[in-house]
Student: 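The structure's right below; bear with me while I get my questions together.
Numbered from 1 within each chain, the chains take letters A, B, ... in sequence-line order.
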Amino acid sequence: MNAFDAYPTTDFISQAWHHLQVFWSFEDINATWVLFGSLLLGMSASVIGAFAFLRKRSLLGDALAHAALPGVMMAFLLSGSRDAEVIFVGALASSLIGFWIIDWLPKNTKIKPDAALAITLSFFFALGLMLLSYIQNTDLPDKSGLDKLLFGQAAAITSEDIQLLIIVTTLVLLTVLLFFQKLRLITFNRSYAKTLGINVKFYEMLLAIMIVLSVVVGLQLVGVVLMAAILLTPIAAARFWSHQLSTLLMLAALFGAISAILGAQISYVAPAMPTGPWIVVSLSLLFFISFLVAPKQGLLKRYLEYRRLKQRVILENILRTLYKLLEREHFQRNQFTLAEITELRSLKSIQLKQSLAILNKRKLVIEAQQRYSLSEEGLLKAIKLTRRHRLWESYLSQHADLNSEQVHQQAERIEHILNKEQEQQIVAELMEQFDPHGSPIPKLPSQNLQEKSQ
Amino acid sequence: MSGFTIDDWILDLWIIGTASLVAASCALVGVFLILRRQALMGDAISHSVLLGIVLAYLLSGSNSLSIMLLGAVIIGLITTWLSESLHKISRLQSDASIGIVFTLFFSLGVILVSLYTGQIDLDQECVLYGEIAFVPFDTLVWGDIQNGGTELGPRAFWLILIVFILVVGSIVFAFERLKTVTFHPSLAVSLGISISFWHYFLMTLVSMTTVASFDAVGAILVVALLIIPAASAYLFAKSLKNMLLLAVLYSQLAVWLGYAVAFQLDSSIAASIAVSAGLLLLVSLFALQLHKRRQKHFYTQQLKTEQAG
């Protein structure tokens, strides 16, 4: 059935608006439970998924969710009922078998971990689909609705499902809260945890069971196929914002909760829509927003930093070029044309003019009648840079087997990032007065004064 | 009409023929996925291809073979490229970035399918298991059917035949290259072979195989056919050629066994074939484990007799 077939389009919108109002007025008790359930599921799945992600087993949840399907079908076939508890037990059993196989295969055969994951995932899923198609061709009562487990459907959830969901997610969250310190230790430093006498195997099993529980209980809402995303994407998004585990977990829980509510709402408003895909789309949106604008590791921040560095490099290179020109004129003339500058440093003329304007504004370069000269402050800076460049050149030619051209290229890069301490370290190791090309290594004016006074 | 007729036979023949070609192409491509440890990339591409197919339908308004292939190949390559760039730029682990990209693409595909059901020949179920039983009814016609055009047999069959020929052709012609890139990537670099070209070449083959298998087995079961026969072959193979042949053999066994199972249980043919592939792997693993244990037993016995003597 299509959402747009059910009502004419304008009607559909007003209908949707009405549903939305009902949803948020908390009048419909079932809708409120769905809201609450999605909130808890989003939080617990993201938190437990975070541990899987940090232990570099990001797609484990994917495989375990797929592995739950045949268990559900078998449980239905054996018991003939679709009660939440029956389905839960079936799913739990087959997910645990799946977990064991994923663990066993790479340890005991040639099969690699990634293949073991893919094998388990696809085999169990195929088994589940085979049983599902078998069930659908039989005349068992209550068989409809089992296929909703594939992509999840918030509108099809019963109140027993929600109750179970709430119990299990609360249990998962409490467990994480209770064992937080130990889980953290195992996640980041497994061998250290072992030396402290922590029963690593036990806590690993605990984590695995928590993952399986979250996956199994989320099937009705998110579906088998896309459960992986709700475990994985929130923590991946949170990682751009923080390095602190507790902050990470809270952020991941927040992202998970927001997207779960959005997805559940969309499929409540348009009941033909599967819930899982919408949760994933909202999660991915949150992920890409974080990826772009996060203040620590966001792409935008990194791009701006890169631009700033690039500009600084150009400006510093121009200062050094002016110093070189000054040196060539034996410090007799301190006024140079654009042509003279480009002769030593090839830059696009627009870029050069712009950069010179910036230098002028910062009072490092003085411009007079198309001629440019270093100001006192600019000279000091240029000396410092040239000094670092030539120091690094001599250091490399003494300690590394590089020719003078290679040495120059290395120094072009390092001069911009050397700091004062590193400069002094190099000076302490070198006795040189000249760089490998024969140019003198300039001294800072303060040092000159010191030497004169001595 | 009751009883068995010639028509039934022909239908079965088309179904089995299509399934065999699907399984064989998947097995061949899967061998490289297993050897290059890219099983998860195969998983990802097979999911994303759904979005490619739906978009190709919606944008072009037709379901011609070439457009479907093109859409799938483009989206397959985008999936590969996007997950690799995400891995590089955001410093996420590579399996995490694969997971983020393919779940998004698959979700968009499913949402589009649910929005436009009726306008395109897809629904959520056929995304999952394909409709191999309906394959014979969607035929390719040469010329105009009213004016004496000839029916050429199922569309899906011709599509997978083309892809099968492409896959076999590429493997035969580029065998040495593929071998070098797969087993000795650093040697390949020193020989001037472009690793990334062959990487994307293989991913193109995976996308084409997946889309050609889509009608028959759907987007997710194809993962089973890509990975499981190749992994079974990996257990025993002594050389690349050996592994390719073994994988095809496993895949054909799975098709016959699966067809029989589906017939018995009245279950989905595609799912039964995938399950059979898994069962064959289980049997092989069991045999191997048994052999290992026996060998261990044999050697410990020998050791004991030597110590005694």
Student: So do the side chains of B:Ser268 and A:Leu129 get within less than 4.5 Å of each other, counting heavy atoms only?
Tutor: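 In short, these two side chains do not touch, never coming nearer than 4.5 Å.
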
Student: What option among A:Thr138, A:Val281, A:Leu105, A:Ile279 has the most heavy-atom pairs under 4.5 Å with chain B?
Tutor: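 Top option by heavy-atom pairs under 4.5 Å: A:Val281.
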
Student: Is the number of heavy atoms from other residues, nucleotides or ligands under 6.0 Å of A:Lys56 NZ greater than 12?
Tutor: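 Atom NZ in A:Lys56 is not packed in, count stays at 12 or less.
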
Student: So does A:Trp104 have more than 12 non-hydrogen atoms from other groups sitting under 6.0 Å from CH2?
Tutor: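 Above 12, so yes.
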
Student: Chain B heavy atoms under 4.5 Å from A:Leu127: which part of the residue, side chain, backbone, both or neither?
Tutor: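 Looking at A:Leu127, backbone and side chain both touch chain B.
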
Student: Heavy-atom count check: over 12 atoms from other residues, nucleotides or ligands less than 6.0 Å from B:Gln264 CD?
Tutor: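 Check fails, neighbour count at 12 or below.
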
Student: Search all heavy atoms of B:Lys292 against all heavy atoms of A:Asn108 and return the closest pair with its distance.
Tutor: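 Reported closest heavy-atom pair: NZ-O, 2.9 Å.
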
Student: Shorter than 4.5 Å, heavy atoms on both sides: which option in B:Leu33, B:Leu86, B:Leu288, B:Ile98 has the most such pairs with chain A?
Tutor: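 So the answer, after comparing B:Leu33, B:Leu86, B:Leu288, B:Ile98, is B:Leu86.
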
Student: For atom CZ of A:Arg302, is the number of surrounding heavy atoms from other residues, nucleotides or ligands below 6.0 Å larger than 12?
Tutor: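 Yes - once you tally the heavy atoms of other residues, nucleotides and ligands closer than 6.0 Å, there are more than 12.
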
Student: Report the distance from atom CG of A:Leu59 to atom CD of B:Gln93, rounding to the nearest 0.5 Å.
Tutor: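 Rounded to the nearest 0.5 Å, the CG-CD separation comes to 9.5 Å.
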
Student: Give, as side chain, backbone, both or neither, the part of A:Phe53 having an atom under 4.5 angstrom from any heavy atom of chain B.
Tutor: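 Both parts, backbone and side chain.
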
Student: For A:Lys112 and B:Arg37, indicate whether the former's side chain and the latter's backbone hold a donor-acceptor pair under 3.5 Å.
Tutor: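 No, because the side chain of A:Lys112 does not come within donor-acceptor range (under 3.5 Å) of the backbone of B:Arg37.
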
Student: Can you tell me how far the NZ atom of A:Lys110 sits from the CG atom of B:Leu285, to the nearest 0.5 Å?
Tutor: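 Going from NZ on A:Lys110 over to CG on B:Leu285, the span is 12.0 Å.
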
Student: Measure the acute angle between the ring planes of B:Phe106 and A:Phe151, then classify it against the limits of 30° and 60° as parallel, tilted or perpendicular.
Tutor: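 It falls in the tilted class, 30° to 60°.
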
Student: Between A:Pro277 and B:Ile111, which heavy-atom pair has the shortest distance, and what is it?
Tutor: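 That closest heavy-atom pairing would be CB-CG1, 3.6 Å.
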
Student: Which pair of non-hydrogen atoms, one from B:Ala271 and one from A:Ala126, has the smallest distance, and what is that distance?
Tutor: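 Nearest pair, atom of B:Ala271 first, then A:Ala126: CB-O, 3.7 Å.
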
Student: Under 6.0 Å from the CZ atom of A:Phe288, do we count more than 12 heavy atoms belonging to anything else shown?
Tutor: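 Counting other residues, nucleotides and ligands, CZ of A:Phe288 exceeds 12 neighbours.
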
Student: Taking all atoms of both residues into account, what is the closest heavy-atom pair of A:Val280 and B:Thr103, and its distance?
Tutor: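 Closest pair (atom of A:Val280, atom of B:Thr103, distance): CG1-O, 3.6 Å.
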
Student: Tell me, out of A:Leu117, A:Ile119, A:Thr233, who's got the most heavy-atom pairs with chain B below 4.5 Å.
Tutor: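 That would be A:Ile119.
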
Student: Using a cut-off of 6.0 Å, state whether more than 12 heavy atoms not belonging to A:Tyr303 lie near its atom OH.
Tutor: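 No - once you tally the heavy atoms of other residues, nucleotides and ligands closer than 6.0 Å, there are 12 at most.
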
Student: Just verifying a value: how many Å separate A:Ser58 OG and B:Ile100 CD1, rounded to the nearest 0.5 Å?
Tutor: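 So the gap between those two atoms works out to 8.0 Å.
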
Student: What part of B:Leu104 gets closer than 4.5 Å to chain A, counting heavy atoms only: side chain, backbone, both or neither?
Tutor: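 For B:Leu104, heavy atoms of backbone and side chain both lie under 4.5 Å from chain A.
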
Student: Using heavy-atom distances under 4.5 Å, tell me whether A:Leu131 contacts chain B through its side chain, its backbone, both, or neither.
Tutor: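 For A:Leu131, no heavy atom lies under 4.5 Å from chain B.
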
Student: Which heavy atom of B:Phe102 sits nearest to which heavy atom of A:Asp62, and what is that distance?
Tutor: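 That would be CZ-OD2, 3.6 Å.
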
Student: Report the option among B:Leu235, B:Asp43, B:Ile89 that has the most heavy-atom pairs separated by less than 4.5 Å from atoms of chain A.
Tutor: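 Maximum pair count with chain A is reached by B:Ile89.
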
Student: Evaluate A:Met273 against B:Leu115 for side-chain contact (heavy atoms from CB on, under 4.5 Å), listing each step before the verdict.
Tutor: CA-CA 8 Å; A:Met273 281 289 166; B:Leu115 267 180; 3.4 Å; yes

Student: Nearest heavy-atom pair of B:Leu279 and A:Phe123: which atoms, and what distance?
Tutor: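 Distance-wise, the nearest heavy atoms are N-CE1, 3.9 Å.
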
Student: Ring pair (Phe, Tyr, Trp, His ring centres under 6.0 Å) with A:Phe124: which residues, sequence neighbours excluded?
Tutor: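 None.
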
Student: Under a 4.5 Å heavy-atom cut-off, does chain A meet the side chain of B:Val222, its backbone, both or neither?
Tutor: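 Neither part.
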
Student: Highest number of heavy-atom pairs under 4.5 Å with chain A: which of B:Ser90, B:Ala224, B:Ala231?
Tutor: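 It is B:Ser90.
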
Student: Report which part of B:Gln38 has an atom under 4.5 Å of a heavy atom belonging to chain A: side chain, backbone, both, or neither.
Tutor: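 For B:Gln38, the backbone is the part near chain A, not the side chain.
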
Student: Using 0.5 Å steps for rounding, measure from the OG atom of B:Ser276 to the CE atom of A:Met130.
Tutor: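 Reported value, rounded in 0.5 Å steps: 7.0 Å.
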
Student: Using non-hydrogen atoms only, which part of A:Leu121 is less than 4.5 Å away from chain B: side chain, backbone, both, or neither?
Tutor: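 When you check distances to chain B, only side chain atoms of A:Leu121 fall under 4.5 Å.
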
Student: With a 3.5 Å distance limit and no angle check, can you tell me whether B:Ser267 reaches the backbone of A:Tyr134 through a side-chain donor-acceptor pair?
Tutor: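 No: the side chain of B:Ser267 does not pair with the backbone of A:Tyr134.
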
Student: Report the C-alpha separation of B:Leu221 and A:Ser122 in whole Å, then their side-chain angles, then the decisive distance to 0.1 Å, and conclude whether the side-chain contact (heavy atoms from CB on, under 4.5 Å) test is met.
Tutor: CA-CA 6 Å; B:Leu221 287 180; A:Ser122 59; over 6 Å; no

Student: Side chain, backbone, both or neither: which part of A:Ile235 has an atom under 4.5 Å from a heavy atom of chain B?
Tutor: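 Answer is neither: A:Ile235 stays 4.5 Å or more from chain B.
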
Student: Would you give the length of the straight line joining atom CG of A:Asp114 to atom CG of B:Leu40, rounded to the nearest 0.5 angstrom?
Tutor: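 CG of B:Leu40 is found 5.0 Å from CG of A:Asp114.
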
